[in-house]
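What follows is a single structure, written as structure tokens, with notes after it.
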There are 2 protein chains.
Amino acid sequence: MAFVNATADILSPRGHAAKRISILEAAIEVFFREGYSGANIDMIAAEAGVSRQTIYNHHGDKEKLFVSVVRALTERINAGIFATLATFPDDPVDLRGELVDFAVRLNSNCISNSDGKHLRKLIEAEGRRYPELFAAWREDGPGKTWAALAARLARLAHGGHLELDDPDVAARQFLALINAELHVSMVLGDRVDEQRVVSSATNAVTTFLRAYRKRPPGA
Amino acid sequence: MAFVNATADILSPRGHAAKRISILEAAIEVFFREGYSGANIDMIAAEAGVSRQTIYNHHGDKEKLFVSVVRALTERINAGIFATLATFPDDPVDLRGELVDFAVRLNSNCISNSDGKHLRKLIEAEGRRYPELFAAWREDGPGKTWAALAARLARLAHGGHLELDDPDVAARQFLALINAELHVSMVLGDRVDEQRVVSSATNAVTTFLRAYRKRPPGA
DNA sequence: AATTTTTTAGACAGAGTTGTCCAAAAGGTC
DNA sequence: GACCTTTTGGACAACTCTGTCTAAAAAATT
């Protein structure tokens, strides 16, 4: 029975579903490298170790495959971001050190890792061609993560560690500062080593705290 | 005489040279919209109001045309950035207000204008395919403009208006903060109205000055 | 082991693209 | 007006890509 079979595939990825995954991974890589127009199904088939027909069986056509790629990336990245946000310092002993550590985690696990690079490029390259798809990304991605980070910062302010006019603005600035020194390298695909991530995060947190750390009332 | 003719064309853009320019403008638009692979010569010819053969006469082939497009954009943008940098406050009466004005000018004239959007997308999409071309951009673009902005900030520090550890870091952070609230909109091609540019610049300068403004020694 | 599902390789038509060629037309120069 | 250069439109071969179709092989299920 085809139906029962398909259900089993979703639950335990072997055989049929294993191919689906390897097709998706290969498609991410090829769309990233070549862009939507430049990518062709044969490249993806070769990279996935699968015949062309199998791709059409699984995903219908090139455009549907592309949509699946974007959805898969968005889900994975969002999961990663929320997992990392859960490690945001709650009631810090060493505010500066803990913020730097958090910034480094956020950067290396979510923003400058391979999923992050892949999705960012697909959005920049094809966002205008698929408005509804990327509008969804925008709400689920930047929209939610900004709000979640703003809530965390607001809590620090409430706990007397920070002094914020507008947590949303502060959240966006925090993210912008974290990437200030890495942006160009990431766009051109240079290797971003851990050391530079740390130094960028350190500089970012230093500036952020100079602007937003609560100062003793008397001094 | 062909040679004399060509020279005249370069000096006064009419006839021959006028076509060259309209081809270049059309190519910018089409490469931006469709990407390198997705763009085709017939689209560019139609948009330029020119026959396909004329494009081949002027630019050789698709790849050479693309290189010309990137060079033209880079030159224009650099000229704009340096012109704007010349308006950086030298000995400010109202530091905050003048920095906000400068940030707004930099953003609307250089970063979020159409050349800026076009070049940014071409770099993101095709940078890895033309390493030497984009390495040149990187040195002429971010490299020089960062250094120039850093020098301006250092002068403000020397004049007693700011307190900087590292002018280079401060310059990159200043640029990052200016775009903190506009980045996503620009990537997806939304209309960025003047009001949001101003509000983003205001927030950026507020934070920047909280971190870097020289404080009276006693307080 | 028999049966059903999935995968494969290859061929294929249809469409699109690049870059060249050519003869006629248009434009500019002396 | 005669001459030279540039532009044009159209035709063209070579190539690439998508998506379909087939029959045979492989894999999974019962």
Side-chain angles (χ1 to χ4, degrees), chain A residues 1-27 29-31 33-69 125-126 129-130, chain B residues 1-27 30-31 33-69 126 129-130:
Chain A
M1 264 181 280
F3 179 69
V4 171
N5 206 325
T7 305
D9 277 341
I10 289 166
L11 296 176
S12 74
R14 58 183 58 183
H16 191 65
K19 304 246 178 217
R20 175 174 237 105
I21 291 170
S22 77
I23 291 169
L24 227 45
E25 293 304 317
E29 182 61 41
V30 174
F31 280 133
R33 215 172 49 221
E34 313 285 342
Y36 181 81
S37 308
N40 73 35
I41 304 289
D42 289 318
M43 283 180 194
I44 297 174
E47 191 136 336
V50 147
S51 78
R52 179 176 46 233
Q53 186 60 46
T54 300
I55 294 183
Y56 285 102
N57 289 343
H58 278 272
H59 291 97
D61 64 15
K62 190 180 177 181
E63 187 166 324
K64 292 205 188 77
L65 174 59
F66 181 71
V67 171
S68 301
V69 159
E126 317 292 344
R129 205 189 303 279
Y130 300 89
Chain B
M1 262 180 284
F3 178 68
V4 172
N5 206 324
T7 305
D9 277 340
I10 290 167
L11 297 177
S12 74
R14 57 183 58 180
H16 190 66
K19 303 246 177 216
R20 174 174 238 104
I21 290 169
S22 78
I23 291 169
L24 226 44
E25 293 305 317
V30 175
F31 280 133
R33 216 171 48 223
E34 313 284 343
Y36 181 81
S37 309
N40 74 36
I41 304 290
D42 289 317
M43 284 181 191
I44 297 173
E47 190 137 336
V50 146
S51 78
R52 180 179 42 234
Q53 185 61 45
T54 301
I55 294 183
Y56 283 104
N57 289 343
H58 277 273
H59 291 96
D61 65 15
K62 190 180 178 182
E63 187 166 323
K64 291 204 189 79
L65 173 60
F66 180 72
V67 170
S68 300
V69 160
E126 316 293 345
R129 204 190 304 279
Y130 299 90

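The figures that follow rest on heavy atoms only: side chains count, while hydrogens, waters and symmetry mates do not. Naming convention: chains lettered A, B, ... in sequence-line order (proteins, then strands); numbering from 1 in each chain.
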Notebook entry, point to check: Under 3.5 Å, side chain of A:Glu126 to main-chain N/O of A:Tyr36, donor-acceptor pair present?
Noted result: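 Checking the backbone N and O of A:Tyr36 against the side chain of A:Glu126, a donor-acceptor pair under 3.5 Å is found.
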
Working to the nearest 0.5 Å, report the span between [atom1] of [X] and [atom2] of [Y].
{"X": "A:His58", "Y": "A:Gln53", "atom1": "NE2", "atom2": "CD", "answer": "10.5 Å"}
{"X": "A:Leu24", "Y": "A:His59", "atom1": "CG", "atom2": "NE2", "answer": "5.0 Å"}
{"X": "A:Ile55", "Y": "A:Lys19", "atom1": "CD1", "atom2": "NZ", "answer": "11.0 Å"}

Note to self: Between P on C:dA15 and CD1 on A:Ile41, what's the gap in Å once rounded to a whole number?
What the structure shows: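 One finds 19 Å between P of C:dA15 and CD1 of A:Ile41, rounded.
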
Check: More 5' along DNA chain D: A:Asn40 or A:Gln53, using each one's nearest nucleotide?
Finding: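 By nearest-heavy-atom nucleotide position, the 5'-most residue is A:Asn40.
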
Checklist line | Terminal axes of the helix from C:dA1-D:dT30 to C:dC30-D:dG1 (five pairs each): angle between them, nearest 10 degrees | finding: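 End-to-end axis angle: 30°.
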
Next item on the list: Measure the shortest side-chain to side-chain distance between A:Lys64 and A:Asp61 over non-hydrogen atoms and say whether it is less than 4.5 angstrom.
Entry: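 The answer is yes, as the side chains (C-beta and beyond) meet within the 4.5 Å cut-off.
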
Check: Does B:His16 put a side-chain nitrogen or oxygen below 4.0 Å from OP1 or OP2 of D:dT7?
Finding: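 Yes, because at least one side-chain N or O of B:His16 sits under 4.0 Å from OP1 or OP2 of D:dT7.
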
Checklist line | Distance below 4.0 Å between B:Lys19 side-chain N/O and D:dT8 OP1 or OP2 | finding: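 B:Lys19 to D:dT8 OP1/OP2: side-chain N or O found under 4.0 Å.
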
Notebook entry, point to check: In residues 54-68 of chain B, which ones come under 4.0 Å of DNA chain C, going by heavy atoms?
Noted result: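 Of all residues in residues 54-68 of chain B, the ones placing a heavy atom under 4.0 Å from DNA chain C are B:Tyr56, B:Asp61, B:Lys62.
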
Margin query: Please identify which of these residues, A:Asn40, A:Asp42, A:Asn57, meets the side-chain hydrogen bond (donor to acceptor under 3.5 Å, both in side chains) condition with A:Arg52.
Written below: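 Of the listed options, the one satisfying the test is A:Asp42.
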
Notebook entry, point to check: Counting side-chain heavy atoms from C-beta on, which of C:dT18, D:dT7, D:dT18 comes nearest to B:Arg52?
Noted result: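 The listed nucleotide nearest to B:Arg52's side chain is C:dT18.
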
Item checked: Nearest to side-chain heavy atoms of A:Val50, which nucleotide of D:dT18, C:dT8, C:dT20 ->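 The closest nucleotide is C:dT8.
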
Margin query: At 4.0 Å (heavy atoms only), tell me whether B:Ala39 reaches a base, stays on the sugar-phosphate, or touches nothing.
Written below: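 Sugar-phosphate only.
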
Next item on the list: Measure from NZ or CZ of B:Lys62 to the centre of the six-membered ring of B:Phe31, then state whether that distance is under 6.0 Å and the direction lies within 45° of the axis.
Entry: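 No - B:Lys62 does not lie over the ring of B:Phe31 by the 6.0 Å and 45° rule.
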
Margin query: Ignoring hydrogens, what is the shortest heavy-atom contact between A:Ala26 and A:Ile44? Give both atom names and the distance.
Written below: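 Shortest heavy-atom contact: CB-O, 3.7 Å.
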
